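Worksheet: one structure, shown below.
On a predicted model such as this, the values are computed, not experimentally measured, just so you know.
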Amino acid sequence: MSSSTSVRTARRRTVRVAAAALVAAAGLTLTACAGSDAADARSAGRTHTGAAASESTASGWSGLQSTDAKADVLGKQSGGAHVAKAASPVRTQRLADGISKAEIYRLGDQHYRAKIVARGSVLATLETKGHDDGLDANDMFVTLTLDGQVHSWMGGGHQGPGTFKLAGGWTAKVTKVGELRYRAQIIGHDGVAATLETNQHDAGLDANGIYIVLSSGGVISAHA
């Protein structure tokens, strides 16, 4: 091989090596750039996701705080008002024994509560919920009507079972139906007008202005 041919061959090899080196370098640069871009994208994604999560958490926490605060305010407005209303009796009334008194509270429409108080202690509670209520307090009889009226009287009780004449022309037929459970049919000119029944709790009735109490022990009394 001539010397000129050798030189040309060497030049071509040099060019090919240089070109390959350039291609490899370009590939490394592109790979590095792609890696850098991906890292930046991942970093940006993490930053964005973190910010969104942080914002969401903050928003949710703020919402919870707002809800709690709102509930607290509503509780104070509704529950507090109800407690305040129930805490003060609409009136206080002296009872027939001359010692005790009834504190009457209005809880709603035809819904009243009467606390029987003596010497600073609550002895019993009457409450109307769709019906009158009554109490035999050691031979003092007390009724609480749907309109919040309290009536009390002493004595006049009849021990059931049995049939008894009551004030106002009424007749009471008292029967025992169980332990501390008695039933009284209140009978007028036209037959049975009402029924009282005790279930370990005394019962009361306003029968056209005649107040009747049936105790859980079967004692019935009426007063005009």
What pair of heavy atoms forms the shortest contact from [X] to [Y], and how long is it?
{"X": "Lys165", "Y": "His158", "answer": "O-NE2, 3.9 Å"}
{"X": "Thr195", "Y": "Gln185", "answer": "OG1-CG, 4.3 Å"}
{"X": "Leu205", "Y": "Ala194", "answer": "CD2-CB, 3.7 Å"}
{"X": "Leu180", "Y": "Thr198", "answer": "O-OG1, 3.4 Å"}

*I would like to know whether Ile186 and Lys173 meet side chain to side chain contact (heavy atoms under 4.5 Å, CB included); could you show each step before the answer?*
CA-CA 7 Å; Ile186 309 303; Lys173 183 179 179 181; over 6 Å; no
*Indicate yes or no: does Glu103 engage Lys115 in a salt bridge with an N to O separation below 4.0 Å.*
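Looking at Glu103 and Lys115, the cut-off is not met.
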What distance do [X] atom [atom1] and [Y] atom [atom2] have between them, rounded to the nearest 0.5 Å?
{"X": "Gln93", "Y": "Leu144", "atom1": "CD", "atom2": "CG", "answer": "10.0 Å"}
{"X": "Arg94", "Y": "Ser152", "atom1": "CZ", "atom2": "OG", "answer": "11.0 Å"}
{"X": "Tyr182", "Y": "Leu214", "atom1": "OH", "atom2": "CG", "answer": "9.5 Å"}

*Would you kindly say whether His223 and Tyr211 are connected by a side-chain donor-acceptor distance under 3.5 Å?*
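His223 vs Tyr211: no donor-acceptor pair found between side chains.
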*Linking I/L/V/M/F/W/Y whenever their side-chain heavy atoms sit closer than 4.5 Å, directly or via other members, would Val219 and Leu135 fall into one cluster?*
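Looking at the clustering, Leu135 is in a separate group from Val219.
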*Taking the side chain as every heavy atom from C-beta outward, state whether Ile187 and Trp170 have any pair of such atoms under 4.5 Å apart.*
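The answer is no, as the side chains (C-beta and beyond) never meet within the 4.5 Å cut-off.
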_Audit row: Leu107, Lys129, side chain to side chain contact (heavy atoms under 4.5 Å, CB included) steps and yes/no_ = CA-CA 10 Å; Leu107 307 180; Lys129 280 187 176 180; over 6 Å; no
